[in-house]
Amino acid sequence: MYDNNFALRISKLRTQKGVSARDMSLSIGQNAGYINNIETGKALPSMTSFFYICEYLDITPQEFFDADAEQPKELSKLISDLKKLNKKQLENIADIVNDLANGNRR
């Protein structure tokens, strides 16, 4: 993930959480402009700060870098629940998801 994509990902996840860059910065123990500097490409976080950012956003670092996941927190919970299903249940869910993903209606 390039620096610009990194900045865009933070901005997108922060916006989905409904918080300002200033509030997020202060919540993770940084100065008020910290997240803004990352989102504008002026800075990159340290590894420690990146982990604080992920914790604040309630996602794992892996979920952060999965840019295809629009809602990583919800996707993670869904996957966790899917692991509890038996084979037949998973097949049924797979059919439903396939239909939804392809725009088919039942």
Side-chain angles (χ1 to χ4, degrees):
M1 185 178 276
Y2 297 103
D3 294 352
N4 188 46
N5 291 339
F6 186 90
L8 290 173
R9 183 71 169 157
I10 288 180
S11 177
K12 183 177 199 175
L13 293 169
R14 176 188 56 75
T15 301
Q16 286 175 350
K17 189 172 176 88
V19 296
S20 69
R22 181 182 191 283
D23 288 343
M24 183 174 168
S25 296
L26 297 173
S27 293
I28 62 171
Q30 298 292 333
N31 68 61
Y34 182 73
I35 294 298
N36 185 57
N37 286 338
I38 294 171
E39 291 180 355
T40 58
K42 295 177 185 172
L44 285 172
S46 68
M47 284 299 292
T48 301
S49 293
F50 173 68
F51 290 130
Y52 285 134
I53 289 168
C54 289
E55 183 178 326
Y56 179 81
L57 295 171
D58 198 25
I59 60 172
T60 67
Q62 179 181 356
E63 291 165 341
F64 179 88
F65 287 107
D66 185 359
D68 292 334
E70 293 289 323
Q71 304 291 329
K73 183 178 176 183
E74 291 79 1
L75 185 58
S76 180
K77 177 165 179 3
L78 179 61
I79 291 169
S80 177
D81 289 342
L82 287 171
K83 290 177 181 179
K84 300 171 189 172
L85 301 179
N86 64 39
K87 183 178 180 182
K88 182 62 178 166
Q89 291 169 322
L90 283 172
E91 289 170 353
N92 290 336
I93 295 295
D95 288 342
I96 293 168
V97 170
N98 188 39
D99 285 347
L100 290 170
N102 291 317
N104 299 328
R105 298 188 189 266
R106 290 189 174 218

Main-chain N/O of Asp58 paired to Lys17 side chain as donor or acceptor, under 3.5 Å: no
Side-chain cluster (under 4.5 Å, hydrophobic types only) that Leu82 belongs to, other residues: Leu78, Leu85, Leu90, Ile93, Val97
CD1-CG distance between Ile59 and Leu75, expressed to the nearest 0.5 angstrom: 11.5 Å
Side chain to side chain donor-acceptor pair (under 3.5 Å) partners for Ser80, two or more places apart: none
Shortest non-hydrogen contact from Cys54 toward Pro61: SG-CA, 3.8 Å
Ring geometry between Phe50 and Phe64 (parallel below 30°, tilted from 30 to 60°, perpendicular above 60°): perpendicular
Atom pair CZ/OG1 of Phe51 and Thr60 - distance to nearest 0.5 Å: 10.5 Å
Counterpart residues, side chain to side chain donor-acceptor pair (under 3.5 Å), relative to Ser20 (two or more places apart): Asp23
Donor-acceptor contact below 3.5 Å, side chain Thr15 vs main chain Ser11: yes
Any donor-acceptor pair under 3.5 Å from Arg9 side chain to Asp66 backbone: yes
Exam field: side chain Ser25 to backbone Ile35, donor-acceptor pair closer than 3.5 Å: yes
Met24 vs Ile53, side-chain contact (heavy atoms from CB on, under 4.5 Å): CA-CA, chis, key distance, verdict: CA-CA 8 Å; Met24 183 174 168; Ile53 289 168; 3.6 Å; yes
